[in-house]
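To start, the structure itself, in structure tokens.
Lettering of chains follows the sequences in order, A, B, ..., and the numbering in each one begins at 1.
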Amino acid sequence: MQTAEIRQRWLDFFERNGHTVVPSASLISEDPSLLFTVAGMVPFIPYMSGLVPAPFDRATSVQKCVRTLDIEEVGKTTRHGTFFQMNGNFSFGDYFKREAITYAWEFLTGSLDSGCLGLDPQLLWVTVFENDDESISIWREVADIPMERIQRRGMKDNYWSTGQPGPAGPCSEIYYDRGPAYGREGGPEADEDRYIEIWNLVFMQFERGEGTGKDSFEILRELPKKNIDTGMGLERVAFLMQGVENLYEIDQVRPVLDAAATLSKKSYGASVEDDVRLRVVADHVRSALMLIGDGVTPANDGRGYVLRRLLRRTVRAMRLLGVEAPTFAELFPVSKNAMMAAYPELDRDFDRILRTALAEEETFLRTLSAGTVFLDEALAEVKATGSKQLAGDAAFLLHDTYGFPIDLTLEVAEEAGLTVDRDGFKALMAEQRDRAKADAREKKLGGTDLSVYSAFRALGVTKFTGYEELSTDSKVLGLIVDGADSQVASVGQIAEVILSETSFYAESGGQDSDAGFILGDGLKLEVLDVQKPVKGLISHKVLVREGEVTVGQRVSTSVDADWRVGACQAHSGTHVVHAALRQVLGPDALQSGSYNKPGYLRLDFSWNQALSLETRSEIEEVTNLAIRGDLAVSAQHMSLPEAREFGAVALFGETYDESVRVIQIGGPWSRELCGGTHVSRSSQIGLIALTGESSVGSGSRRLEALVGIEAFRSLAAERALVARMTEALKAPRELVEERLASTIEELKNAQRKLSALQSASLATRVPELISSAKVVKGVRLISQNLGALESVDDLRGLVSNTREKAGAESVVVALFAVIADKPMLVVATNEAARKSGAKAGQLVRVASAILGGGGGGKDDIAQGGGSDSTKITDAIEALTEAI
RNA sequence: GGGGAUUUAGCUCAGUUGGUAGAGCACCUGCUUUGCAAGCAGGGGGUCAGGGGUUCGACCCCCCUAAUCUCCA
């Protein structure tokens, strides 16, 4: 049975049983503490923890997941994949153990005709938590499983918690017996390769306390609402049902493996090592495909780094298979074709996905060739010293600094007949890990506790009225002072206020929060910040200016009107710039983040090179033409699929509800999903002036702009600058640039002439200097104070010139000058003088010490200086002595 | 978030306890030749990423900033 069919049967089965089908959430997790969605239940965490009331009693999903913790194990075992799909059914205070077990059994063993999987009940084993007799009796009753195929396991295997205080509970797992060919008898307790875990049922029953590890915590109490969370590994079931050996050989993955084998002219099954490499390629290509599909782009940290690693490990594996040429152009379409039955959006976005992958492959191939040069040098050096081993720190440097993978280093070293100090390398890697981990631990202490908000969120969603009005009558539902629930806050205190409804916009979608006041009877609260700490809940951070605020009090929210006008201009302006950007650069230039507040906007977008001045001007022009065009701005609500159909731009990394708000500017000209506040016609934006374009990391650029009156002020300031320049240069505006260039050119020429003139004039003094030579200890010494000179270069030129002209007989030229009010000297010796022991560097040191400074150089020429120019005569004497 | 590396002529890069910034390619001029990366001679081209500090003197040492590459979390 095809993987896509198992998936569909799953969803249909649970929908028939009253579950709401929830589409897979993005791989980019909404929870900022998680890099990716790592399990089927991740999107449901707020409902499980009670932070947000669940909108349904029971739900089911097939969730895309990425886990890279065991990335090194990929390909070596049957069941480690970096991308996988988890089928889940969930109950939020609705059904519990009995139904969960019943559904699981029915779906696995029910007949194919009835939409189930038709697995042989004789091959299924289950495990339960050691003292969970309730589950055992349900299993006996519902499935009639003999006791021999039910095993009890401890905390480590069959108890679930998040690792932190919160919900916890026992699990029951279902295993499939692959038969005696795959290992020992005795159930999952004996052999988890023969008995493959396919489904984990988690009974969220208790609340746990503080503690570390999997088993050292206290069970505090029963949960008031018990939940069910189950996860069936889609890939595992697929490989069992398709009668293949592991998850790399299922219909969604195998075609890539075959394509990699063809490209490398290897046959799968011929060599253990090559098989692992082929599986790595098959797994990583699929994971990368899915990640890029969800909007991740390669980067040097965070999610982007995980993607980069996957892509680079693929290139590396292909290299080890003997293919040095680019391969992504072949591999990615194969993976896409295998996955598109379940994920049709991959086909739609494939141009972008492939471009992203190809760009990274090209970058990495460049990195590799740079690393190869370095590695060859390092290996040659090792050989030169007669050693047989490349040091660990050299291998680490290659890996850490040049991104050259260790196993390629091993391979190349081996070809050169050398070994590599792997232990040294590992030690350095461990050191680096510890550094990063120590740092992460330090930072984590600042994590915020959101539990204080859950009670308020349970009262319902804060109604936002700010689209229609600036002022709204409301009621204080709650106060938080210093992170704790409070009944009252008085003058001078800072508090968070939860209201029944509000006209204040909370920071989101890049738009900064509104400013203004919350007013009541004798009460004045200045709003400092507005946030949504929990989905649906708006919290106002305020400073109490006058009076005292208490829970239950009637108040009215009053947003600063000027502020809001500026905020609307800036946010609509951001949409206009985004649309202009895409019009000029093409649809690849997609916004990856933004920030706007009155007068200012910032837009980060995916693009891999700096924008030229012309391109920037063009974007600015398109932007301002759209403003001048007085385009209508409208907002409408629709479902997410409808919005997609409508052509609205959804941003990656953002998560959207089922019902979304689409902002249109000029109809189809700009359509974006957005919850922000906007002007009603584009002309109200006024003016936009781009002020900067910069990089925010590889593959991502940032545009900054001023909006409205701020834009005007900035342009006015530049105009004033040009006015001052025309005045200073005495040239009309059109000629300023030319005049400036010609002035610089003239200045350069003049300087060149001047220095030529100077050295010529200095050259005329050479004969006089030579004739002034005095013989000291058998050496001719030419020493003089030349007075003020322009530069040390002149002095040095004169000294070496004099030495050349002075003939082969021994001579020491020591000339002094005052340059920029400081005494300087240059000493030169010829070969004969050096033979009789005169060293320029030594002489300079003696003389410059007298001048209150220092100096040095080589035996033939040296220079020095000091700070007291009245001592030059003394210095000449000392130098004469020193010869 | 924490490390490492790089930034020098239009391009690719040298630059040795701190003492006149170079090479190859490209460009311009001339000569020699008329062909496959032609040769010879001459020449132009540098805020040594930016800013600050130490020093008589900084491409070089110290500090800060930026960009790019890279590893780890």
Pick base, sugar-phosphate or nothing for [X], based on heavy-atom distances below 4.0 Å to the nucleic acid.
| X | result |
| --- | --- |
| Arg845(A) | nothing |
| Gly857(A) | base |
| Gly841(A) | nothing |
| Gly854(A) | base |

Tell whether Gln432(A) reaches the base of rG4(B) with its side chain through a donor-acceptor pair below 3.5 angstrom. no
Determine which nucleotide pairs with [N], using a 3.5 Å limit on both distances of a Watson-Crick or G-U wobble pair.
| N | value |
| --- | --- |
| rA26(B) | none |
| rG35(B) | none |
| rA9(B) | none |

CE of Met429(A) to CZ of Arg422(A): how many Å apart, nearest 0.5 Å?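 Rounded to the nearest 0.5 Å, the CE-CZ separation comes out at 13.0 Å.
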Calculate, to the nearest 0.5 Å, the distance between atoms NE2 and CG belonging to His80(A) and Asp283(A) respectively.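 Separation between the atoms: 11.0 Å.
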Are OP1 or OP2 of [N] and a side-chain N or O of [X] less than 4.0 angstrom apart?
| X | N | result |
| --- | --- | --- |
| Arg309(A) | rC71(B) | no |
| Thr367(A) | rU70(B) | yes |
| Lys437(A) | rG1(B) | no |

Which atom of [X] lies closest to which atom of [Y], heavy atoms considered:
| X | Y | result |
| --- | --- | --- |
| Pro823(A) | Ser867(A) | CD-C, 3.7 Å |
| Ser287(A) | Leu310(A) | CB-CD1, 3.8 Å |
| Leu311(A) | Ala288(A) | CD2-CB, 3.6 Å |

Check every atom of [options] against the side chain of [X] and return the nucleotide holding the closest atom.
| X | options | result |
| --- | --- | --- |
| Gln863(A) | rG19(B), rG57(B), rC69(B) | rG19(B) |
| Thr401(A) | rC56(B), rG1(B), rG4(B) | rG4(B) |
| Arg435(A) | rC71(B), rG3(B), rA5(B) | rG3(B) |
| Arg308(A) | rU70(B), rG4(B), rU20(B) | rU70(B) |

What integer number of Å spans the [atom1] atoms of [N] and [M]?
| N | M | atom1 | result |
| --- | --- | --- | --- |
| rA67(B) | rU29(B) | P | 41 Å |
| rC36(B) | rG46(B) | C1' | 35 Å |
| rG39(B) | rU33(B) | P | 16 Å |
| rG45(B) | rC31(B) | C1' | 23 Å |
| rG18(B) | rG1(B) | C1' | 37 Å |
| rA41(B) | rA23(B) | P | 13 Å |
| rC64(B) | rG57(B) | P | 23 Å |
| rU54(B) | rC11(B) | C1' | 36 Å |

Between Met429(A) and Gly853(A), who's closer to the 5' end of RNA chain B by nearest nucleotide?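 It is Gly853(A), whose closest nucleotide lies nearer the 5' terminus.
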Let me know, please, whether Arg796(A) or Phe404(A) comes out on the 5' side of the other along RNA chain B by nearest nucleotide.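 So the residue in question is Arg796(A).
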For the pair made of CG in Leu398(A) and P in rC71(B), what is the distance, rounded to whole Å?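 One finds 12 Å between P of rC71(B) and CG of Leu398(A), rounded.
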Round to a whole Å and report the spacing from CG of Asp400(A) to C1' of rG4(B). 5 Å
Taking Arg313(A) for its side chain and Ile71(A) for its backbone only, find out whether a donor-acceptor pair lies under 3.5 Å. yes
Under 4.0 Å between a side-chain nitrogen and a carboxylate oxygen: does that hold for Asp860(A) and Arg834(A)?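 Answer for the salt bridge query: no.
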